[in-house]
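Below is one structure, written out as structure tokens, with a few remarks after it.
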Amino acid sequence: MVKARVAVLVSGRGSNMAALIDAAGSHDCPYRVALVASNNPEAPGLEIARQAGIATFAHSHKGLGREQFDLLIDDALRAAGIEYVALAGYMRILSDPFVTRWAGRMVNIHPSLLPAYKGLDTHARAIAAGDAEAGCSVHLVTPTLDDGEVIAQARVPILPGDTPQSLAARVLEQEHRLYPEALARYIRTHGGR
Ligand code: GRF
């Protein structure tokens, strides 16, 4: 099987990236992580990727316009022959041309049951609303933030006494299971470039 070449974009700790890399080690996984790219040269996720022997690209976005910066990322993706992009805690809003170029080939994981709680502070907002359940969603990336088609979701209960931190930990466990599974299924359905 020729594995699809995936790039993971991270800005921080990279635990979802690590889950994607781990899953790619299985022989029947339809993708391999060929590049990890970041807008934050200090992102801990970059070091995890390097230790796993994966090529990295890091460049600060500071001082660059959104489109200008995204062109740098796009160049790195093209140079690495990337077919699919997985956003994993990538904390930059992407420019429309970049999103259009990767339409149908770029996914994100978001820590809420979309369409509920787009944006930040999802767990605090779910607790404050008195919700019984929270969760995570894998969705296609479109120009509107956290708005593309949802391709997979996992749910967890919100328990009495939950804090945003305790809920985030319960959801994160599900993210690590859901994201590799959803990406693999999507790539199996949509094939290579
Ligand atoms: C995750 O909760 C993810 O859902 C959100 O950002 C967080 C990234 O965490 N988009 P990590 O860097 O994957 O550990």
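Note that the coordinates shown come from a computational prediction; the quantities given were computed from them, not determined experimentally. Atoms within each ligand, like the ligands themselves, are counted from 1 in listed order.
Clustering ILVMFWY residues whenever any of their side-chain heavy atoms sit less than 4.5 angstrom apart, transitively, puts M91 in a cluster other than the one holding V8.
Taking 4.0 Å as the cut-off between side-chain N and carboxylate O, R177 and E181 count as a salt-bridged pair. Salt bridge D74/R78: present, at least one basic N to carboxylate O contact under 4.0 Å.
No donor-acceptor pair under 3.5 Å is formed between the side chain of R32 and the backbone N or O of A4. At least one donor-acceptor pair under 3.5 Å links the side chain of R125 to the backbone N or O of L120.
The heavy-atom pair separating D146 from H110 by the smallest distance is OD2-CE1, 3.2 Å.
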Using a 3.5 Å cut-off on N/O to N/O, what pairs does ligand 1 make with the protein? A line per pair would be great.
{"unit_1": "ligand 1", "atom_1": "2 (O)", "unit_2": "E175", "atom_2": "OE1", "d": "3.2"}
{"unit_1": "ligand 1", "atom_1": "2 (O)", "unit_2": "E175", "atom_2": "OE2", "d": "3.1"}
{"unit_1": "ligand 1", "atom_1": "4 (O)", "unit_2": "E175", "atom_2": "OE1", "d": "2.7"}
{"unit_1": "ligand 1", "atom_1": "4 (O)", "unit_2": "E175", "atom_2": "OE2", "d": "3.4"}
{"unit_1": "ligand 1", "atom_1": "9 (O)", "unit_2": "R13", "atom_2": "NH2", "d": "3.3"}
{"unit_1": "ligand 1", "atom_1": "10 (N)", "unit_2": "I109", "atom_2": "O", "d": "3.0"}
{"unit_1": "ligand 1", "atom_1": "12 (O)", "unit_2": "G14", "atom_2": "N", "d": "2.9"}
{"unit_1": "ligand 1", "atom_1": "13 (O)", "unit_2": "S15", "atom_2": "N", "d": "3.4"}
{"unit_1": "ligand 1", "atom_1": "13 (O)", "unit_2": "N16", "atom_2": "N", "d": "2.8"}
{"unit_1": "ligand 1", "atom_1": "13 (O)", "unit_2": "N16", "atom_2": "ND2", "d": "3.0"}
{"unit_1": "ligand 1", "atom_1": "14 (O)", "unit_2": "R13", "atom_2": "NE", "d": "2.4"}
{"unit_1": "ligand 1", "atom_1": "14 (O)", "unit_2": "R13", "atom_2": "NH2", "d": "3.4"}
{"unit_1": "ligand 1", "atom_1": "14 (O)", "unit_2": "S15", "atom_2": "N", "d": "2.9"}
{"unit_1": "ligand 1", "atom_1": "14 (O)", "unit_2": "S15", "atom_2": "OG", "d": "2.5"}

